[in-house]
2 protein chains.
Amino acid sequence: MANIKDIARLAGVSVTTVSRVINGHPYVRDDKKAAVLRAMEETNYERNINAVHLIKGKTNLIGVMVPSIKRPYFGLVVEGIAEEALKGNYKLVLIQTNYEEQREQEALMMLKLKQIDALIICSKISDWDIVEEYAAYGPIIAFEDARGRNVSSIFIDHYKGFMEALAYLNGKGHRKVGYCLARKSGTSSKQREAAYRDFLKSSGEPFDPDCAFYDAIHFEDGEWIVQRLMTMQDPPTALLVTSDQVAAGILACCNERELDVPSKLAIVSFDNQPIARTLNITTFEIPLTEIGRDLFRKVMTKEFFQQEIPVRLIERLTV
Amino acid sequence: MANIKDIARLAGVSVTTVSRVINGHPYVRDDKKAAVLRAMEETNYERNINAVHLIKGKTNLIGVMVPSIKRPYFGLVVEGIAEEALKGNYKLVLIQTNYEEQREQEALMMLKLKQIDALIICSKISDWDIVEEYAAYGPIIAFEDARGRNVSSIFIDHYKGFMEALAYLNGKGHRKVGYCLARKSGTSSKQREAAYRDFLKSSGEPFDPDCAFYDAIHFEDGEWIVQRLMTMQDPPTALLVTSDQVAAGILACCNERELDVPSKLAIVSFDNQPIARTLNITTFEIPLTEIGRDLFRKVMTKEFFQQEIPVRLIERLTV
DNA sequence: ACTTGACATGAAAAGCATTCCATAAATTAG
DNA sequence: CTAATTTATGGAATGCTTTTCATGTCAAGT
């Protein structure tokens with residue numbers, strides 16, 4: 001494969017001039033420019049991008065840390081990131097972590113190694129201390145509440161969101177509300193459980209551990225949730241679900257078992273994914289794709305930035 | 001940031017020796033090795049990965065071309081690719097093309113520029129000629145029927161699959177079968193339409209253009225499909241759907257409108273995504289994640305490889 | 001005592017494009 | 001008509017690591 005030196009020789013100019021032509025810099029006579037272009041054409045020349053990366057110290061690659069890309073939730077976020085990346089001529093490096101700390105560290109390491117120009121954390125398990133440490137090596141933004149931390153973030157206040165949802169259900173007459181969470185240990189789950197307990201305390205209801213459903217992540221998780229629900233002698237009359245996918249699964253299984261929604265079981269979920277609209281699920285909108293776009297835009301400014309995205313209730317037919 | 005020269009100076013050895021330590025090569029005295037390690041520790045040294053890429057001529061990055069990552073179908077494939085990539089210490093560069101030729105070309109160009117070591121095409125719109133041209137620059141594998149082409153591929157014979165599905169429905173007594181396709185112009189859609197027409201010809205039924213539903217891609221597309229179905233005076237008694245997502249959407253809308261499945265409308269779909277199991281959708285299994293893993297493994301061998309993956313009928317409750 | 005092979009180390013080349021700096025020619029301004 | 005710009009061009013340094021080649025020491029084998 002020809003390199004810039006070959007082109008220079010073929011065109012009878014210096015490598016500097018060739019570089020000027022390639023990068024559209026001024027001060028190159030038209031005839032020389034033409035000669036360079038011809039030489040590039042003839043040899044089917046492409047510059048060695050890795051040499052460019054080396055000298056420029058950047059790669060136009062943005063890292064995206066996601067636990068699992070098959071989950072529509074992350075698909076929607078990454079979609080937004082990808083859309084925006086395209087405009088800025090950036091490419092995405094996808095790091096699927098499966099919530100393993102070691103893999104997350106690998107992603108962070110890529111930033112230190114300058115293999116990526118910035119890192120977007122869609123969800124993580126590692127401690128903030130570790131993330132902060134790596135923030136010294138390049139811009140990082142997280143889609144997770146980082147208030148009080150020195151890391152940029154665009155986030156949902158899940159405490160608030162859950163509170164609002166609980167108040168809404170309470171207002172609709174529901175006294176016993178169950179909830180489905182994804183990872184028990186995640187930041188957002190902790191916020192949500194705190195809200196749940198606080199709400200219970202303020203309304204004087206007792207806490208029933210049977211009302212908590214963990215590891216509710218996929219559509220298919222609706223199945224065991226409904227199954228468990230039907231074995232309970234005193235089941236909740238409403239369910240707060242942290243993902244439309246799960247809510248959709250629950251709804252589907254309820255229909256199958258002729259457990260009427262919302263009269264027997266009300267469902268409120270989060271995200272407002274397309275499936276929620278189709279199935280008329282009452283949900284709190286979290287504009288995932290839009291957030292993805294924002295994450296990209298903001299991380300590219302390289303400036304510290306934190307912003308809360310408010311959730312918005314969309315009333316449909318499951319309450 | 002310290003570089004290898006600094007380390008060499010600090011440790012009182014040559015850069016060659018430092019390189020040996022870094023890469024675990026033999027013939028370094030223990031005391032020197034220790035000195036190098038100490039120097040690296042002290043300066044928090046990390047080698048410049050772009051320099052490594054330049055000299056090695058490879059990046060340990062694999063390109064993945066997908067039209068849209070938010071579609072669970074591609075999420076599942078990429079999941080498999082990512083799993084396997086992890087094992088080989090490769091990272092994925094995601095190129096979301098939205099079926100725009102220009103973006104596809106960008107992905108191919110990355111291969112030429114040696115920014116990626118190999119390219120996996122999950123779906124494409126560009127002509128094979130173009131792909132073949134770029135195959136000269138590095139390993140490419142496609143998840144699309146490339147028989148007769150000089151490009152590696154792991155594929156489904158959609159003609160066969162559709163034929164099998166039609167025969168199955170015919171055997172169940174369905175004489176008028178509709179079908180939902182994603183992109184009208186895609187290779188797989190062409191194969192499927194060919195099968196459909198051939199089947200009709202052999203069974204002597206006339207072709208009703210109203211039975212064809214195009215751009216059926218997402219769960220939510222089920223809505224308009226059912227709507228249209230209900231306006232037809234002579235609707236098909238069965239529907240062949242090329243994605244479980246769409247089938248699930250159709251099923252959900254049928255339930256809502258009390259159109260009984262399967263007695264009023266039978267549904268057969270493809271993929272056997274998790275949602276199909278939960279909703280008891282009769283479907284032809286296409287092991288997407290497993291195929292993702294295979295795509296990665298095979299493209300890494302850098303050898304020409306073509307393999308058909310047979311589909312497998314999974315009978316459930318929608319027929 | 002002499003050859004051979006294993007062990008150890010470093011100088012320098014290779015991989016390639018960008019950019020700073022110096023120089024020269026051609027214009028424009030005054 | 002000189003001084004100051006603008007235009008044009010190339011040499012060399014820079015970014016950093018890996019690998020080849022050359023050289024040297026030391027122990028084992030004959």
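Protein chains get the first letters and strands the later ones, always in sequence-line order, with residue 1 at the start of each.
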Examine B:Arg20 relative to B:Tyr27 and say whether NZ or CZ is less than 6.0 Å from the centre of the six-membered ring and inside a 45° cone about the ring axis. no

For A:Arg47 and for B:Arg20, locate the closest nucleotide of DNA chain C by heavy-atom distance; then report the residue assigned to the nucleotide nearer the 5' terminus. B:Arg20

Rounded off to whole Å, could you give me the CD1-to-P distance for the B:Ile22 and D:dT19 pair? 11 Å

Any heavy-atom pair between the side chains of A:Gln105 and A:Tyr134 that's under 4.5 Å? yes

Checking contacts here: which listed nucleotide (D:dT19, C:dA17, D:dG10) is nearest the side-chain heavy atoms of B:Thr16? D:dT19

Whole angstrom value for the distance that separates P of D:dC16 from CD of A:Gln115: 16 Å

Length of the CD1-C1' vector between A:Ile55 and D:dT14, whole Å: 5 Å

Here's a test of your reading of the structure: between B:Tyr27 and B:Ser14, which maps to the more 5' nucleotide of DNA chain C? B:Tyr27

Looking only at C:dA11, C:dC16, C:dT9, the nucleotide nearest the B:Val28 side chain is C:dT9

With a 4.5 Å heavy-atom cut-off, do B:Pro67 and B:Phe74 have their side chains touching? yes

Can you confirm if the NZ or CZ of B:Arg183 lies within 45° of the ring axis of B:Tyr99 and under 6.0 Å from the centre of its six-membered ring? yes

When all nucleic acid strands are considered with a 4.0 Å heavy-atom cut-off, which category describes B:Val13: base, sugar-phosphate, or nothing? sugar-phosphate

For a quick test of reading the model: is some side-chain N or O of A:Lys56 closer than 4.0 Å to OP1 or OP2 of C:dA17? no

Per the atom types in the model, does the base of D:dA8 pair as donor or acceptor with the side chain of A:Thr17 at under 3.5 Å? no

CG of A:Asn23 versus P of C:dC16: gap in Å, rounded? 17 Å

Rounded interatomic separation in angstrom, taking CG from B:Leu54 and P from D:dT19: 12 Å

Nearest nucleotide by nearest heavy atom, which residue falls closer to the 5' end of DNA chain D, B:Glu46 or A:Arg29? A:Arg29

At under 4.0 Å between heavy atoms, what does A:Asn50 touch on the DNA or RNA strands: base, sugar-phosphate, or nothing? nothing

Rounded to the nearest Å, what distance is computed from the CG atom of residue A:Asp6 to the P atom of nucleotide C:dA14? 14 Å

N or O in side chain of A:Tyr45 less than 4.0 angstrom from C:dA17 OP1/OP2: yes

Measure CD1/B:Ile49 against C1'/D:dT18 and give the value in whole Å, please. 13 Å

Verify whether one side chain among B:Ser153 and B:Glu144 offers a donor that lies under 3.5 Å from an acceptor in the other. no

